[in-house]
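Atoms considered below: every heavy atom in the structure, side chains included; atoms not considered: hydrogens, waters and symmetry mates. Fair warning: this is a prediction, and the values are worked out from it, not measured in the lab.
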Amino acid sequence: MQMELGGGEEAGSSSAPLKVAQCENGNDAIASCCASEVEGEEERKDGSDHEEIDGEDEEHEFVPGPLLSLKDQLEKDKDDESLRKWKEKLLGCVEEIDGNRETDVIFHSIGIISDGCTETMTSLPITENQNSMLFSLKEGSQYCLKLKFSVKHNLVCGLNYVNTVWKKGVRVDQSRGMLGTFAPQQEPYEHLLEEETTPSGALARGLYTAKLKFEDDDKRNHLELDYCFEIRKS
């Protein structure tokens with residue numbers, strides 16, 4: 001009996017830790033399973049949040065409105081006197097706007113201003129019968145081109161130019177500049193391009209050909225002018 005009791009006690013004592021170990025292993029498995037479910041739920045939430053955000057971005061994607069002429073824009077606020085006057089002051093004179101939505105830039109003339117010669121103006125466009133020789137300057141002279149142009153129908157934004165010069169078929173110079181943004185108005189604009197200096201020396205003298213190109217921010221070409229000029233000995 002004592003042996004059986006002893007054996008029972010040993011069995012009891014040995015089985016109890018076994019049951020505890022089983023419970024502990026079970027709890028660990030449950031905890032691990034719960035943690036996996038929580039992580040999976042968080043991932044699903046994160047994914048759904050990203051989908052919702054992406055959906056919101058698509059829903060709120062900016063779509064520009066249709067292009068309106070200045071006349072249409074002024075008509076929208078014709079009952080607001082202060083706003084109408086502010087727009088007219090900002091946009092210029094719009095009395096002759098015909099509703100055309102395309103900006104029209106008309107170049108009337110191009111001239112040369114230099115200390116070494118009198119101011120000359122050439123009407124545009126240059127026809128085949130006209131001499132394309134715009135000017136003749138001494139070497140080392142400072143000069144600038146003067147433009148006269150009109151803007152019709154709508155704003156012209158970022159009107160800029162590229163002036164490329166060749167001598168005997170080889171490009172020797174290229175300059176770029178920005179004229180700015182202009183509103184339509186009855187009176188034409190006059191604008192001076194950046195001042196430049198003619199080169200000096202025997203190799204610099206002679207006849208040059210050039211192309212002057214004007215375009216705006218929308219890459220619309222408003223003028224391409226082919227012309228010639230001469231640099232002579234001072």
Side-chain angles (χ1 to χ4, degrees), residues 67 90-93 100-234:
L67 178 65
L90 177 65
L91 301 176
C93 179
N100 188 347
R101 298 182 181 182
E102 289 294 328
T103 302
D104 190 11
V105 180
I106 303 171
F107 287 86
H108 302 294
S109 62
I110 183 170
I112 179 76
I113 298 177
S114 175
D115 294 336
C117 66
T118 58
E119 180 178 342
T120 59
M121 298 296 293
T122 302
S123 299
L124 296 175
I126 296 177
T127 63
E128 295 181 356
N129 298 327
Q130 284 181 277
N131 187 0
S132 61
M133 178 75 69
L134 286 187
F135 55 89
S136 177
L137 293 177
K138 294 181 180 180
E139 56 184 343
S141 300
Q142 292 181 333
Y143 73 97
C144 61
L145 297 178
K146 181 179 180 180
L147 295 164
K148 188 175 183 179
F149 61 94
S150 297
V151 178
K152 302 292 185 182
H153 310 317
N154 214 328
L155 286 170
V156 56
C157 298
L159 186 63
N160 61 88
Y161 70 90
V162 179
N163 191 32
T164 309
V165 180
W166 295 268
K167 185 178 183 183
K168 296 181 180 180
V170 179
R171 194 180 80 174
V172 295
D173 184 54
Q174 186 177 71
S175 58
R176 300 173 181 269
M178 174 67 67
L179 276 69
T181 297
F182 301 89
Q185 65 178 24
Q186 294 177 350
E187 296 298 322
Y189 291 96
E190 290 189 354
H191 192 91
L192 295 177
L193 301 189
E194 295 180 4
E195 187 177 66
E196 299 188 31
T197 303
T198 60
S200 301
L203 295 177
R205 301 168 199 151
L207 185 65
Y208 291 79
T209 59
K211 179 186 287 289
L212 184 59
K213 181 179 179 180
F214 291 87
E215 64 179 21
D216 58 26
D217 282 346
D218 296 324
K219 302 302 180 182
R220 288 180 296 184
N221 186 13
H222 295 286
L223 175 69
E224 281 193 16
L225 174 64
D226 295 312
Y227 68 96
C228 302
F229 65 94
E230 181 187 22
I231 297 178
R232 62 183 188 273
K233 187 176 181 180
S234 58

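Smallest separation of non-hydrogen atoms from P199 and Y208: CG-OH, 4.1 Å. The minimum heavy-atom distance linking P184 with L155 is given by the pair CD-N, 4.0 Å. Nearest heavy atom pair, residue H108 against residue P188, reads CD2-CB, 4.0 Å. Annotation for Y161 and M178: closest pair CE2-N, 4.3 Å, computed over non-hydrogen atoms.
Distance CG/L145 to CD1/I113: 9.0 Å, rounded to 0.5 Å. Between the CG atom of L137 and the OG atom of S234 there is a distance of 12.0 Å, given to the nearest 0.5 Å. The distance from the CG atom of L207 to the NZ atom of K168 is 10.0 Å, given to the nearest 0.5 Å. Between atom CG of residue N154 and atom CZ of residue F182 there is a gap of 15.0 Å, rounded to the nearest 0.5 Å. Note that the CG atom of L147 and the NE2 atom of H191 stand 7.5 Å from one another [nearest 0.5 Å]. We find the CZ-CD distance between R176 and E194 to be 12.5 Å, quoted to the nearest 0.5 Å.
Annotation: side chain of D216 is not in contact with side chain of N160 (no heavy-atom distance under 4.5 Å). In this structure, the side chains of L124 and I126 come closer than 4.5 Å at one or more pairs of heavy atoms. For the pair C144 and E196, the minimum side-chain heavy-atom distance is 4.5 Å or more. A heavy-atom distance below 4.5 Å is not found between the side chains of S123 and F107. L223 is not listed as a side-chain neighbour of V105, based on a closest heavy-atom distance of 4.5 Å or more. For the pair Y143/F135, a side-chain contact is recorded, criterion being any heavy-atom separation below 4.5 Å from C-beta on. Taking 4.5 Å as the limit, some side-chain heavy atom of V156 sits within range of a side-chain heavy atom of H222. Between Q185 and V151 the shortest side-chain heavy-atom distance does not fall below 4.5 Å.
Of the possible polar contacts, one joining the T181 side chain to the G158 backbone as a donor-acceptor pair under 3.5 Å is found. T198 contributes a side-chain N or O that, together with a main-chain N or O of K138, makes up a donor-acceptor pair within less than 3.5 Å. For the pair E215 (side chain) and R220 (backbone), a donor-acceptor distance under 3.5 Å is absent. Of the possible polar contacts, one joining the Y189 side chain to the A183 backbone as a donor-acceptor pair under 3.5 Å is found. Between the side chain of R171 and the backbone N or O of T164 there is no donor-acceptor pair closer than 3.5 Å.
Taking 4.0 Å as the cut-off between side-chain N and carboxylate O, R205 and E139 count as a salt-bridged pair. A salt bridge links K146 to E119: at least one charged side-chain nitrogen sits closer than 4.0 Å to a carboxylate oxygen.
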For this session: Report the C-alpha distance between I110 and L134 in whole Å, list the side-chain angles of each, state the deciding distance to 0.1 Å, and finish with yes or no for side-chain contact (heavy atoms from CB on, under 4.5 Å).
Result: CA-CA 9 Å; I110 183 170; L134 286 187; 4.2 Å; yes
For this session: Evaluate the criterion side-chain contact (heavy atoms from CB on, under 4.5 Å) for residue pair N221 and K213; output intermediate values, then yes/no.
Result: CA-CA 8 Å; N221 186 13; K213 181 179 179 180; 3.9 Å; yes
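Proximity of the aromatic rings of F149 and F214 is defined here by a centroid distance below 6.0 angstrom, and this criterion is not met.
Residues passing the side-chain hydrogen bond (donor to acceptor under 3.5 Å, both in side chains) test with K211, sequence neighbours excluded: D226. In this view, K148 satisfies the side-chain hydrogen bond (donor to acceptor under 3.5 Å, both in side chains) rule with no residue, not counting sequence neighbours.
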